[in-house]
Amino acid sequence: MKIPLTDLKAQYSSIKDEIDSAIQRVIQSGQFILGPEVKAFEDEVAAYCGTKYAVGVASGTDALHMALLACEIKSGDEVITTPFTFIATSEAIAKCSARPVFADIDLKTYNIDPVQIEAKINKKTKAILPVHLYGQPAAMDDILTIAKKHNLKVVEDCAQALGAEYKGKKVGSLSDAGCLSFFPSKNLGAYGDGGMVVTNDPRIAETVKALRVHGSKMTYQHFTHGFNSRLDALQAAILRVKLKHLEKWNEQRRSKALLYDRLLSQLDGIETPFVEKDVKPSCNYYTIRLKDSRLRRDELRKHLDSKGIQTMVYYPLSLHLQEVYKYLGHKVGDFPQSERAQEQVLSLPMYAELGEGQIEEIVRVIKSQIKTEIKNQT
Ligand SMILES: *Cc1c(COP(=O)(O)O)cnc(C)c1O
């Protein structure tokens with residue numbers, strides 16, 4: 001039995017007719033760049049997230065970059081973010097010529113620790129960029145309180161968290177701007193790249209709208225250098241079909257996560273994902289942590305792989321230790337929680353169509369490997 005980390009074909013076969021006709025509709029229309037499909041999808045995502053505006057762009061990375069530019073992040077500024085995320089998060093900061101400043105995570109949630117944020121604030125600090133990692137919302141109340149106190153912008157990286165809720169509100173709607181990714185493996189995945197900025201701030205929406213078309217508010221009138229970064233009309237049409245299923249798919253992911261939790265809770269040495277109360281995660285990834293030092297994560301990975309079970313480590317090297325950030329002058333030990341997470345986390349197969357029998361099989365394989373490991377070492 002092969003079990004992939006995520007199964008995009010299973011999802012497609014469940015909605016094939018709707019998808020195929022949406023693609024045909026766009027091809028027949030001849031309108032491939034922006035136009036009615038993109039506009040309709042933007043309106044639908046704004047309504048879904050509970051924001052006034054949504055602007056479709058070419059990727060989640062571009063969404064972050066343009067949202068930060070719209071918040072007037074520029075050379076000499078500092079933006080505080082987590083070292084335990086995908087490079088796109090800090091890359092967006094650096095691409096604004098600003099300095100990414102890392103603050104360690106809370107190992108319980110893998111998200112940026114508000115206590116660590118306060119210690120990093122100085123006169124140059126302009127914004128906080130929390131990531132809702134694996135689909136678990138960051139500690140937004142504390143983050144927004146800190147931001148208000150120091151007059152900072154907050155931009156949420158919601159790439160893994162579309163549909164997740166924090167105290168009854170969708171992530172992305174909680175701060176100045178939320179950045180979405182439609183990379184195929186995300187909760188709402190396109191058949192290619194795509195991204196979006198959601199916001200309640202009309203100036204941010206207008207600026208991102210202009211930046212995505214070469215810094216232009218009127219055709220051939222340019223107030224700044226921008227980007228060629230639009231959400232493709234074909235992808236928008238596909239995503240409109242999928243958006244209608246997103247709540248159901250996320251609910252199915254949450255119920256798979258509960259089954260994993262229940263089966264894995266009997267195992268010593270394994271930490272299952274923590275879920276804050278008043279929070280609904282989007283469960284983009286189901287990530288466990290091997291907190292018993294006798295359990296070797298990479299051996300477990302190999303063993304699962306030999307049984308046809310695909311896993312992934314998000315992320316094996318914290319950003320402060322990446323070559324590209326040598327200029328920030330960090331060393332091993334600077335962010336101990338993030339470094340511990342990089343050694344101990346393992347993401348297991350997670351998608352709406354994942355079968356209960358498959359989850360039982362995965363847990364059975366984990367159990368037998370853990371028993372062997374512990375026996376060999378005692
Ligand atoms: C996927 C991802 C991004 C980037 O999104 P793209 O659409 O691939 O550019 C940014 N941040 C995080 C946390 C992600 O997982």
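We count ligands from 1, going down the list as the structure has it; atoms in each ligand are counted the same way.
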Around atom 14 (C) of ligand 1, find the nearest protein heavy atom and jot down its residue, atom name and distance.
Lys186 NZ, 3.2 Å
Can you check whether Tyr110 and Tyr315 have ring centres sitting under 6.0 Å from each other?
no
Using a heavy-atom cut-off of under 4.0 Å, does the side chain or the backbone of Thr61 touch ligand 1, or both, or neither?
both
Closer than 4.0 Å to some heavy atom of Gly60 - which atoms of ligand 1 meet that?
5 (O), 6 (P), 7 (O), 9 (O)
Atom 15 (O) of ligand 1: the protein heavy-atom neighbour that sits closest, reported with distance to 0.1 Å:
Gln160 NE2, 2.8 Å
Kindly indicate, with the supporting measurements, whether the criterion salt bridge (charged side-chain N to carboxylate O under 4.0 Å, His left out) is fulfilled by Lys39 and Asp43.
CA-CA 6 Å; Lys39 177 73 175 74; Asp43 292 345; 2.9 Å; yes
Return the residue, atom name and 0.1 Å-rounded distance of the protein heavy atom closest to atom 5 (O) of ligand 1.
Ser181 OG, 3.3 Å
heavy-atom search around atom 8 (O) of ligand 1 in the protein gives Phe183 CD1, 3.8 Å
Grouping I, L, V, M, F, W and Y whenever their side-chain heavy atoms are under 4.5 Å apart, do Ile366 and Val313 come out in a common cluster?
yes
Against heavy atoms of Val131, which atoms of ligand 1 measure under 4.0 Å?
13 (C)
Classify the ring geometry of Tyr260 against Tyr286: parallel below 30°, tilted from 30° to 60°, perpendicular beyond 60°.
parallel
State the atoms of ligand 1, each with its element, that fall below the 4.0 Å cut-off from a heavy-atom position in Thr89.
11 (N)
What atoms of ligand 1 come closer than 4.0 angstrom to any heavy atom of Thr85?
13 (C)
Members sharing Leu321's hydrophobic cluster, built from side-chain contacts under 4.5 Å between Ile, Leu, Val, Met, Phe, Trp and Tyr, are Leu317, Val332
Taking atom CD as the centre, does Glu247 end up with more than 12 heavy-atom neighbours from other residues, nucleotides or ligands that are less than 6.0 angstrom away?
yes
Would the Tyr325 and His320 ring centres measure less than 6.0 Å apart?
no
Would you mind checking which non-hydrogen protein atom is closest to atom 11 (N) of ligand 1, with the distance to 0.1 Å?
Asp157 OD2, 2.8 Å
